[in-house]
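Everything on this sheet refers to the single structure shown next.
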Amino acid sequence: MTYTENLPSEFKNQLSCFGLFDVIVVGGGPAGIAAAVTASECGRSVLLIERLGFCGGAAVAGLSGTICGLYMTVEDPQKRTPEQIIFGFAERFRDALYREGGLTEPQVYGNTWVATHDCAKYKKVATNMLRAANITVLYHTQMIDVIAEDDELKGMVLHTKSGFTSVYAKKVIDASGDADVVYKMGLKTSKGNNGVIQNPTMMFKVGNVHMEKYLAYWGENTISPPKVVSMLEAHDDLLRKKVWLFPTVNPGELLVNATKITGFDKRALDVTDPVDHTEAEQFSIYQAEAFFNFMKANVPGCEDSYFIDYATEVGVRQTRTIDGMATLKNDDVINKRKFNDGIVKTSWPIELHYGAKPKTEWLVNDYYEVPFHTLVPKVGKNIIVAGRCLSSEHEALASCRVTAQCFEYGRAAALAADIAISEEKPFQMIEGTHIAQLMKNN
Ligand SMILES: Cc1cc2nc3c(=O)[nH]c(=O)nc-3n(C[C@H](O)[C@H](O)[C@H](O)COP(=O)(O)OP(=O)(O)OC[C@H]3O[C@@H](n4cnc5c(N)ncnc54)[C@H](O)[C@@H]3O)c2cc1C
């Protein structure tokens with residue numbers, strides 16, 4: 001199926017052209033799914049491009065495994081019922097996943113809660129939503145270049161098994177996680193703390209855990225208790241000393257978030273470099289195996305467990321962020337700042353993965369908001385981002401990057417694209433307060 005009949009005449013003689021859409025979403029992670037569905041529900045023709053053969057991004061391919069960011073952070077979650085603070089598309093997806101049997105009840109994680117999802121069910125829920133919204137999806141397709149005149153984005157070059165093709169759009173939502181479109185446009189991006197980014201993690205799953213015995217030892221909190229941290233500190237082969245383990249919806253199964261991935265020489269990696277990215281995948285094999293052996297030998301209930309599988313790919317927390325009209329500052333997070341154009345609340349801690357123990361800085365009994373213009377590059381026409389590549393300082397990103405929030409960035413970007421098309425306005429001219437208001441009308 002092609003869409004060339006919709007093309008303006010100047011594009012019709014292109015050798016290979018997939019078509020013209022109102023909105024193209026690059027990347028099918030949480031942000032991309034929400035962006036594509038929302039744009040389509042606004043009545044726009046939508047193309048979603050994803051380099052893998054399914055949606056879910058790091059949440060599925062990286063087995064990141066839980067929906068974080070839905071709930072308020074509190075003093076003593078073990079004595080409280082969870083207070084949900086994010087609704088919108090995040091709630092819609094959570095509810096669909098839960099009804100599909102693909103999501104646990106909220107589980108204690110430090111001072112808040114998470115809910116662990118099943119990746120097979122996640123894929124099905126995403127597929128159901130994309131199909132119900134009549135979205136054109138191209139899997140196994142990578143956006144590799146942009147078609148732009150000066151700073152005005154008109155289309156993109158895609159790479160598929162059959163070669164290169166072009167595609168055109170009125171508006172593009174870059175939900176690639178890595179700000180690939182913005183980067184290819186030559187617009188300014190940055191990486192972490194002067195180029196130093198959070199370490200990746202290879203997630204994996206373990207089966208045949210004696211859950212009662214395991215929970216009696218580990219406790220209700222999914223973060224490792226001090227006795228486990230002490231044991232990990234004595235293991236030189238394990239680079240990470242504070243870990244998270246989540247019981248899943250499947251009996252006897254644990255989702256393991258326990259590795260710190262570096263180079264074989266222990267250097268910090270930049271996974272936008274294919275050499276570093278490859279090394280991350282290879283080093284992951286050994287770190288995951290070493291932690292699994294530790295579990296079997298030291299964690300009661302895991303003696304007879306078996307290694308189910310690694311994530312499809314190493315989990316990448318951070319790469320490029322854009323230079324946005326607004327930037328979420330570390331200080332905004334710490335001081336729980338609210339904004340007139342706040343599009344989403346966040347009570348998730350600064351969860352910074354760098355060094356042997358990830359730092360978790362809690363925002364107890366409060367939240368901050370993320371301003372709309374963190375999604376809008378200062379320069380560039382027809383382009384907006386959604387997801388973890390939004391404009392944010394290093395530590396702030398370690399809080400605002402989780403999936404409940406990414407769903408909502410996707411929704412906000414799509415609402416903005418709809419308005420930008422109707423009103424023929426650049427994204428930079430859209431009132432953030434207008435989007436903030438629309439976000440409140442779930
Ligand atoms: C190890 C790990 C554990 C985590 N744990 C949790 C957790 O427990 N709970 C939680 O809520 N969050 C967790 N996170 C964070 C969360 O998974 C991510 O921040 C979130 O998935 C980001 O969503 P996104 O849509 O912005 O990008 P991504 O999920 O990265 O999705 C981007 C998508 O774009 C595609 N893509 C990229 N470039 C291109 C291109 N050029 N062309 C076509 N497609 C492209 C990718 O294949 C991918 O599917 C974790 C992250 C990691 C790495």
Side-chain angles (χ1 to χ4, degrees), residues 24-36 47-71 86 90 93-94 107 109 112-117 122 126 137-146 156-160 173-184 197-204 222 240 244 246 255-261 271-272 280 284 311-321 346 348 351 353 358 375 385-390 397-410 413:
I24 298 181
V25 178
V26 176
I33 297 167
L47 170 67
L48 173 74
I49 298 161
E50 168 55 54
R51 79 186 158 91
L52 298 171
F54 51 87
C55 277
V60 173
L63 206 58
S64 86
T66 80
I67 304 182
C68 299
L70 281 173
Y71 303 106
I86 308 290
F93 200 89
R94 185 211 65 77
Q107 301 165 321
Y109 171 90
T112 188
W113 297 266
V114 298
T116 300
H117 62 74
Y122 201 115
V137 179
L138 279 183
Y139 284 148
H140 304 295
T141 300
Q142 190 159 359
M143 187 291 303
I144 56 153
D145 210 348
V146 293
M156 289 169 290
V157 180
L158 311 181
H159 185 244
T160 75
I173 300 177
D174 184 345
S176 65
D178 302 321
D180 275 10
V181 185
V182 172
Y183 173 72
K184 280 285 171 190
I197 56 175
Q198 296 181 71
N199 62 257
T201 283
M202 174 54 85
M203 302 283 297
F204 62 93
T222 51
R240 184 161 153 195
W244 337 139
F246 305 98
L255 172 75
V256 182
N257 182 335
T259 60
K260 173 187 171 191
I261 301 306
V271 289
T272 57
S284 289
T312 305
E313 59 182 20
V314 71
V316 172
R317 292 189 171 83
Q318 185 177 18
T319 50
R320 304 183 194 103
T321 49
T346 310
W348 190 252
E351 181 206 336
H353 289 254
L375 307 182
V385 307
R388 68 170 168 84
C389 52
L390 85 176
L397 185 70
S399 166
C400 72
R401 70 186 164 84
V402 287
T403 54
Q405 280 63 30
C406 285
F407 281 128
E408 292 310 285
Y409 305 140

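Just so we're clear, the structure is a prediction, and the values are computed from it rather than from any experiment. Indexing begins at 1, ligand by ligand and atom by atom, following the structure's order.
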Can you label the angle between the Tyr122 ring and the His117 ring as parallel, tilted or perpendicular, going by 30° and 60°? tilted

Do Val182 and Cys389 touch side chain to side chain, with heavy atoms closer than 4.5 Å? no

Are more than 12 heavy atoms from other residues, nucleotides or ligands located less than 6.0 Å from atom OH of Tyr183? no

On a heavy-atom basis, which atom in Met203 and which in Gly62 lie closest, and how many Å separate them? CG-O, 3.2 Å

According to ring pair (Phe, Tyr, Trp, His ring centres under 6.0 Å), who are the partners of His140, at least two apart in sequence or on a separate chain? none

Filter the ligand 1-protein atom pairs down to N or O on both sides and distance under 3.5 Å, then list them.
{"unit_1": "ligand 1", "atom_1": "5 (N)", "unit_2": "Ser64", "atom_2": "O", "d": "3.4"}
{"unit_1": "ligand 1", "atom_1": "8 (O)", "unit_2": "Ser64", "atom_2": "O", "d": "3.1"}
{"unit_1": "ligand 1", "atom_1": "8 (O)", "unit_2": "Thr66", "atom_2": "OG1", "d": "2.7"}
{"unit_1": "ligand 1", "atom_1": "9 (N)", "unit_2": "Thr66", "atom_2": "O", "d": "2.6"}
{"unit_1": "ligand 1", "atom_1": "9 (N)", "unit_2": "Thr66", "atom_2": "OG1", "d": "3.2"}
{"unit_1": "ligand 1", "atom_1": "11 (O)", "unit_2": "Thr66", "atom_2": "O", "d": "3.2"}
{"unit_1": "ligand 1", "atom_1": "11 (O)", "unit_2": "Cys68", "atom_2": "N", "d": "2.9"}
{"unit_1": "ligand 1", "atom_1": "11 (O)", "unit_2": "Thr403", "atom_2": "N", "d": "2.8"}
{"unit_1": "ligand 1", "atom_1": "11 (O)", "unit_2": "Thr403", "atom_2": "OG1", "d": "2.7"}
{"unit_1": "ligand 1", "atom_1": "17 (O)", "unit_2": "Ser64", "atom_2": "OG", "d": "3.0"}
{"unit_1": "ligand 1", "atom_1": "19 (O)", "unit_2": "Arg401", "atom_2": "O", "d": "2.6"}
{"unit_1": "ligand 1", "atom_1": "25 (O)", "unit_2": "Pro30", "atom_2": "N", "d": "3.3"}
{"unit_1": "ligand 1", "atom_1": "25 (O)", "unit_2": "Ala31", "atom_2": "N", "d": "3.0"}
{"unit_1": "ligand 1", "atom_1": "26 (O)", "unit_2": "Arg388", "atom_2": "N", "d": "2.9"}
{"unit_1": "ligand 1", "atom_1": "29 (O)", "unit_2": "Ala58", "atom_2": "N", "d": "2.8"}
{"unit_1": "ligand 1", "atom_1": "38 (N)", "unit_2": "Asp180", "atom_2": "OD2", "d": "3.3"}
{"unit_1": "ligand 1", "atom_1": "41 (N)", "unit_2": "Met143", "atom_2": "O", "d": "3.1"}
{"unit_1": "ligand 1", "atom_1": "41 (N)", "unit_2": "Asp180", "atom_2": "OD2", "d": "2.8"}
{"unit_1": "ligand 1", "atom_1": "42 (N)", "unit_2": "Met143", "atom_2": "N", "d": "3.0"}
{"unit_1": "ligand 1", "atom_1": "44 (N)", "unit_2": "Arg51", "atom_2": "N", "d": "3.2"}
{"unit_1": "ligand 1", "atom_1": "47 (O)", "unit_2": "Glu50", "atom_2": "OE2", "d": "2.6"}
{"unit_1": "ligand 1", "atom_1": "47 (O)", "unit_2": "Arg51", "atom_2": "NE", "d": "2.8"}
{"unit_1": "ligand 1", "atom_1": "47 (O)", "unit_2": "Arg51", "atom_2": "NH2", "d": "3.3"}
{"unit_1": "ligand 1", "atom_1": "49 (O)", "unit_2": "Glu50", "atom_2": "OE1", "d": "2.6"}
{"unit_1": "ligand 1", "atom_1": "49 (O)", "unit_2": "Glu50", "atom_2": "OE2", "d": "3.2"}

Going by atom types alone, do Ser64 and Arg317 pair a side-chain donor with an acceptor below 3.5 Å? no

